[in-house]
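Reviewing the structure listed below.
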Protein chains: 2
Amino acid sequence: MQDIATRVWNHKWKIDPIVRSLIDTDFYKLLMCQSVFRNRPRTQVRFSLINRSTHIPLADLVDEGELREQLDHVRTLSLSRGESTWLRGNTFYGKRQMFRPDFMEWFEKLRLPPYHLERHGDQYELTFEGTWPEVMLWEIPALAILMELRSRAVLKDMGRFETQVLYARAMTRVWEKVERLRDLDGLRLADFGTRRRHSFLWQDWCVQALGEGLGANFAGTSNCLIAKNNDVEAIGTNAHELPMVYAALADSDAELAQAPYDVLADWQEEHDGNLRIILPDTYGTPGFLANAPDWLAGWTGIRVDSGDPATGAETAIRWWQERGEDPRDKLVIFSDGLDVAKIEELHAQFQGRVRVSFGWGTLLTNDFRGLVDGDALAPFSLVCKAVSADGRPTVKLSDNPKKAMGPEDEVARYKRVFGVGEQVGVEVVV
Amino acid sequence: MQDIATRVWNHKWKIDPIVRSLIDTDFYKLLMCQSVFRNRPRTQVRFSLINRSTHIPLADLVDEGELREQLDHVRTLSLSRGESTWLRGNTFYGKRQMFRPDFMEWFEKLRLPPYHLERHGDQYELTFEGTWPEVMLWEIPALAILMELRSRAVLKDMGRFETQVLYARAMTRVWEKVERLRDLDGLRLADFGTRRRHSFLWQDWCVQALGEGLGANFAGTSNCLIAKNNDVEAIGTNAHELPMVYAALADSDAELAQAPYDVLADWQEEHDGNLRIILPDTYGTPGFLANAPDWLAGWTGIRVDSGDPATGAETAIRWWQERGEDPRDKLVIFSDGLDVAKIEELHAQFQGRVRVSFGWGTLLTNDFRGLVDGDALAPFSLVCKAVSADGRPTVKLSDNPKKAMGPEDEVARYKRVFGVGEQVGVEVVV
């Protein structure tokens, strides 16, 4: 029997909203937002969507009107009472009241600021400009909306059973990965796949499937809404946007060289334990670690997010040893371009030498490779980055020159200031 | 939003009934029932369930209490008004009022007769005794219930996502078959998988998936309820039980030799066109055709249901040619142990030489081979046959000695009467 009211209600929606909650975002965004709200609340930042997979003609695939409707819908959202209660009342990383009352009061009143959308050829230019704590919250919904609109565009003309079988195949694929991961003793793995997910419902399915399949080895999800709905851990710490904006605001080369450490000094004031995770690759991991102050060696772990991951982890282990720390007490979080084979390999190489954790992203929540004609559902490399701060361009180098971004002269200056030499290029899959 | 009434209603069911309708049965059962109701209404027949796969310990797998509940539930069923309307008003094989008013009046009042269930070691003895038109309708529900209870027993301890992935894998497998069958020009294929289906819902899914995937090449289903619900053709003609019972009732060897033709003489009085399908293998195809009266050569087609199917079809083609018929006007229906590779092979060999049609059974609606540990969901060979008529044992030889059944001395007598010599054994898969 149909619930008639539900059916009528559902048909009153003008659109099927992709993002239905302000906490349908990564946990680290909220942590960083609170940090920015406290330390740099008035910095003017510009975020910009960048499709690194230029062979995907996003503007041909995704209707501009539909895109605007979805973005407009996000601007109508505000924190619900239950969401606020969850953020205020929950224990994150073993700590209560992770979010301070002044931040929560601000967040409860927040509506996302306007966006700017223009079509350029077969791509969209989508930018967000405003105070940093506000505009930074656009990143994840903007990416999730574009990814899911692209999925919907591809699925539009499929038959009902064809569609069900497509998801059957994708489910089977995820489950085969789960079955392999089950064999890894002491695995610790979390979902980091919000931003480039196939769709919200699909990410939700993947998280629940991992929960059942991996049991205690499943650490949680970066997605706050999915964590809340399924009562699992919300996972995440910090990201490149903090050092990128701090660096852009530096008034001299000396200040620039110091900027990444300033970020972590601010972070240390707010957080301890498992939240003290270093993301060292923004301007090259080797230089960052070589010049790091000693107090950073006392932090809990390092996240390896670009370059060859095994190399990154070995660098981290050597650094801890040089600073008199026992790597077996330290945590290495791998989070770049992971899939099962890579997870197995890294697990075999590092389990027992350090504590290892995996943040599994796009190839968890969007592995539809080869499932439709022309591979039209294969994930692609879409990012949304802080491109300027108070009018100054930002720069990211990372440990992979193919992920570098920023104006050419500034990239050259940063390389000089941070002593980045020759880097090995690694193909960016997703 | 849940429909509260639906939820409460569903929880009031004491069991989850497997067979919920008297027309959740094969169409040919109803056609034959009408024929029996007219020609042999008072014959006392005994049907018996036979598990040819003795390595499957049905009585260990399936709880006797649950089995009784399901069988008891079937005895509460009667034809609904809508089902009666569908049978009375529908066009079957282009003909209206296929079912006569006197038969429909009887059927509308019918409740299935009692069953007899006993456990013997790790198997059940399940028998049905009574007048032929009544007991014959137990065959399909009895088989479907045992098959589905076995499925449920295997699925009982699986996790939620594990279960969903199991079905995802099974769906993918069906769809891969559909994708291969799509390539066969002029294919004509129907579902014959009711009796040994994994479950009712699964058969229903398979039929709908075939409908979408094969389009006009999908001919329909043998299952009346699924045909009615999905508005597709109900397919089927007649089966071995008619010659088996007619033969058992014969008073002399001469009458016995004539019995299979008597069946078809009765059938011819009632049916024309595509319903005039010969099932020649009950006591050996070669002898049946050699001794057949000329009027049988005028029938529409032959169903090949045992032995090597290509040999059976070649035999049929030669016979038509000998009798001055053009095989290109004739229909060969393959219905024994089919799967995609065999369908492809037979299609390639016979398309253009005769009209070809496929009745696809167990490996359509129950191909869960290899999908769970110990292959515990693999289909197996369960049948429910008329074993005696008015106290005399029935015999079936077929074109495969491994499918022969009946008392040894009677089998020998039938072989002599029907002139069956050496036969080639073919492994019975399902």
Side-chain angles (χ1 to χ4, degrees), chain A residues 1-13 155 157-182 191 201-218 221 226 230 232 364 367-368 370-373, chain B residues 1-13 155 157-182 191 201-218 221 226 230 232 364 367-368 370-373:
Chain A
M1 218 180 289
Q2 286 262 2
D3 182 60
I4 302 172
T6 299
R7 170 113 186 200
V8 171
W9 171 260
N10 284 340
H11 276 265
K12 290 197 297 189
W13 289 83
L155 296 169
D157 297 322
M158 287 176 69
R160 187 168 172 188
F161 284 80
E162 193 183 7
T163 305
Q164 193 175 18
V165 170
L166 170 71
Y167 283 104
R169 285 176 165 154
M171 284 175 182
T172 300
R173 179 174 291 174
V174 170
W175 198 253
E176 279 165 4
K177 295 183 185 190
V178 166
E179 288 173 329
R180 282 172 63 182
L181 293 173
R182 261 187 195 151
D191 157 44
L201 290 176
W202 181 245
Q203 183 185 14
D204 193 41
W205 190 92
C206 292
V207 168
Q208 292 186 60
L210 283 189
E212 179 181 305
L214 297 184
N217 290 355
F218 176 59
T221 171
I226 292 175
N230 297 292
V232 301
L364 167 63
D367 189 358
F368 283 67
L371 295 185
V372 297
D373 285 344
Chain B
M1 219 181 288
Q2 287 262 0
D3 182 60
I4 302 171
T6 299
R7 170 115 185 199
V8 171
W9 171 259
N10 284 340
H11 276 266
K12 289 196 299 189
W13 290 84
L155 296 169
D157 297 322
M158 287 176 69
R160 188 168 174 188
F161 284 79
E162 193 183 6
T163 305
Q164 193 175 19
V165 170
L166 171 70
Y167 283 104
R169 285 176 164 152
M171 285 176 183
T172 300
R173 180 174 290 176
V174 170
W175 199 254
E176 277 164 5
K177 296 183 184 189
V178 167
E179 287 173 331
R180 282 172 63 181
L181 293 173
R182 259 188 196 150
D191 156 45
L201 290 177
W202 181 246
Q203 183 186 14
D204 192 43
W205 189 91
C206 292
V207 167
Q208 293 187 59
L210 282 188
E212 178 182 304
L214 297 183
N217 291 355
F218 176 58
T221 171
I226 292 174
N230 297 293
V232 301
L364 167 62
D367 189 357
F368 284 67
L371 295 184
V372 297
D373 285 344

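Protein chains get the first letters and strands the later ones, always in sequence-line order, with residue 1 at the start of each.
Here the straight-line distance linking atom CZ of Arg173(A) with atom OG1 of Thr172(B) works out to 10.5 Å at 0.5 Å rounding.
The part of Thr6(B) that comes within reach of chain A is its side chain, from C-beta onward, which places non-hydrogen atoms under 4.5 angstrom from that chain. Of the two parts of Gln208(B), the backbone and the side chain both hold a non-hydrogen atom closer than 4.5 Å to a non-hydrogen atom of chain A. Proximity to chain A is absent for every atom of Trp9(B), based on heavy atoms less than 4.5 angstrom apart.
In terms of heavy-atom pairs under 4.5 Å with chain B, the best-connected choice from Arg169(A), Glu176(A), Met171(A) is Arg169(A).
The existence of a salt bridge linking Glu162(B) and Arg182(A) is excluded, since no basic side-chain nitrogen approaches an acidic carboxylate oxygen closer than 4.0 Å.
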